[in-house]
Amino acid sequence: MILISLQIAAIVCLGVYFFRWRSGVRRRNAQSWDSLLARLRPDWSARELSDQFLWKEGLNATPQDAWQRMEGPKGLWVMYQNAQTMMEMADYAARNSETVDRLLLETLRSDAMQIRVCVLMALAQYGFSKASEGVRINAFRAATMYTGMAARMTQLLQENNPMMVPNFVAAM
């Protein structure tokens with residue numbers, strides 16, 4: 001009797017998993033550039049950290065200044081969410097364009113994952129030790145990668161969909 005219950009539970013779990021996976025694929029396939037741009041969170045911008053963050057890598061701030069300008073964990077969370085959205089934008093470009101630079105796409109995906117891991121580490125450290133030096137260094141590292149990813153995303157848009165660059169700049 002218990003074995004049958006476990007089998008039914010396993011089948012139900014698999015069914016729920018496949019249903020969620022299929023709806024995620026449908027949602028992903030229904031995305032457009034405009035819907036992806038609308039998902040970028042403009043409530044914090046890396047403009048606070050670098051004057052030309054969409055055009056070239058690098059920050060104009062020290063780790064202490066960067067932490068204050070990014071408003072601590074708020075800016076980290078925005079970077080985390082925007083990195084996911086920019087990774088989805090790279091995936092969208094890969095699905096809908098044959099001329100897209102594959103190396104640039106892989107770099108964007110790698111950047112997004114590194115940013116997300118770095119932000120999660122910084123937020124975990126922040127939860128235990130507030131704004132210690134280690135938290136500021138990890139936040140600075142995430143912000144540096146974020147500005148590089150934003151510059152590469154601008155390059156991708158310029159090469160494949162130049163009409164979207166002004167919208168991307170406004171959203172960021």
Side-chain angles (χ1 to χ4, degrees), residues 17-61 63 66-67 69-71 73-125 137-172:
Y17 171 78
F18 285 125
F19 175 76
R20 288 181 53 103
W21 175 76
R22 179 71 178 149
S23 33
V25 168
R26 281 191 188 135
R27 180 182 48 84
R28 187 189 77 199
N29 289 338
Q31 288 178 331
S32 67
W33 278 116
D34 292 328
S35 68
L36 288 169
L37 283 173
R39 288 184 43 210
L40 289 171
R41 293 196 41 202
D43 51 338
W44 177 83
S45 174
R47 284 185 185 96
E48 327 258 325
L49 301 174
S50 174
D51 298 331
Q52 298 178 345
F53 82 102
L54 288 173
W55 312 112
K56 64 180 183 179
E57 297 183 42
L59 300 180
N60 297 342
W67 180 254
R69 291 179 189 175
M70 73 174 59
E71 301 171 25
K74 176 186 175 190
L76 285 172
W77 191 246
V78 170
M79 281 190 277
Y80 180 86
Q81 292 177 326
N82 282 351
Q84 172 67 30
T85 302
M86 286 191 275
M87 186 167 64
E88 289 178 18
M89 291 171 77
D91 291 340
Y92 180 86
R95 282 191 314 272
N96 296 303
S97 175
E98 288 80 33
T99 62
V100 68
D101 181 6
R102 298 294 171 189
L103 181 61
L104 180 60
L105 288 177
E106 288 306 315
T107 304
L108 285 168
R109 288 182 184 121
S110 175
D111 287 348
M113 294 310 296
Q114 288 178 25
I115 290 167
R116 290 169 63 88
V117 167
C118 197
V119 165
L120 288 177
M121 285 177 31
L123 288 173
Q125 285 177 331
I137 295 296
N138 275 340
F140 184 78
R141 187 177 306 133
T144 302
M145 287 187 284
Y146 184 77
T147 59
M149 183 179 186
R152 282 185 278 287
M153 182 57 68
T154 304
Q155 176 187 352
L156 175 75
L157 288 173
Q158 284 175 331
E159 292 171 359
N160 295 288
N161 196 349
M163 300 297 287
M164 294 306 293
V165 172
N167 296 339
F168 179 69
V169 171
M172 293 296 287

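Between Ile115 and Met79, the shortest heavy-atom distance links the atoms CG2-O, 4.1 Å. The minimum heavy-atom distance between Thr85 and Leu36, with the atom names listed, is CG2-O, 3.3 Å. Of all heavy-atom pairs spanning Ala93 and Val100, the tightest one is O-CG1, 4.0 Å. Minimum heavy-atom separation, Ala139 to Ala122: N-CB, 4.2 Å. Across every non-hydrogen atom of Ala142 and Cys118, the tightest pair is N-SG, 3.8 Å.
Between Trp21 and Phe18, the ring planes lie perpendicular to each other; the angle is over 60°, past the 30° to 60° tilted range.
From Phe140, atom CZ reaches atom CE of Met70 across 9.0 Å, with rounding to the nearest 0.5 Å. Atom-to-atom distance recorded for Met86:CE and Leu156:CG is 11.5 Å, nearest 0.5 angstrom. The CE atom of Met149 lies 11.0 Å from the OG1 atom of Thr154; values are rounded to the nearest 0.5 Å. A distance of 9.5 Å separates CG of Leu120 from CG of Leu76, quoted to the nearest 0.5 Å. The distance from the CG atom of Leu157 to the CD atom of Gln155 is 10.5 Å, given to the nearest 0.5 Å.
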Original post:
Does the side-chain contact (heavy atoms from CB on, under 4.5 Å) test come out yes or no for Asp111 and Met145, once each step is laid out?
Top reply: CA-CA 7 Å; Asp111 287 348; Met145 287 187 284; 5.7 Å; no
**OP:** Report the C-alpha distance between Trp67 and Ile137 in whole Å, list the side-chain angles of each, state the deciding distance to 0.1 Å, and finish with yes or no for side-chain contact (heavy atoms from CB on, under 4.5 Å).
**Re:** CA-CA 9 Å; Trp67 180 254; Ile137 295 296; over 6 Å; no
**OP:** Just do the side-chain contact (heavy atoms from CB on, under 4.5 Å) check on Asn138 and Leu123 with the steps written out, would you?
**Re:** CA-CA 9 Å; Asn138 275 340; Leu123 288 173; over 6 Å; no
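Counting heavy atoms from C-beta on, the side chains of Met87 and Leu108 never come closer than 4.5 Å.
Among pairs with a residue in residues 96-108, those fulfilling salt bridge (charged side-chain N to carboxylate O under 4.0 Å, His left out) read Glu106-Arg109, at least two apart in sequence or across chains. Residue pairs satisfying the salt bridge (charged side-chain N to carboxylate O under 4.0 Å, His left out) criterion with at least one member in residues 159-168, sequence neighbours excluded, are absent.
With sequence neighbours excluded, the residues forming a salt bridge (charged side-chain N to carboxylate O under 4.0 Å, His left out) with Arg39 are Glu88, listed by chain and number.
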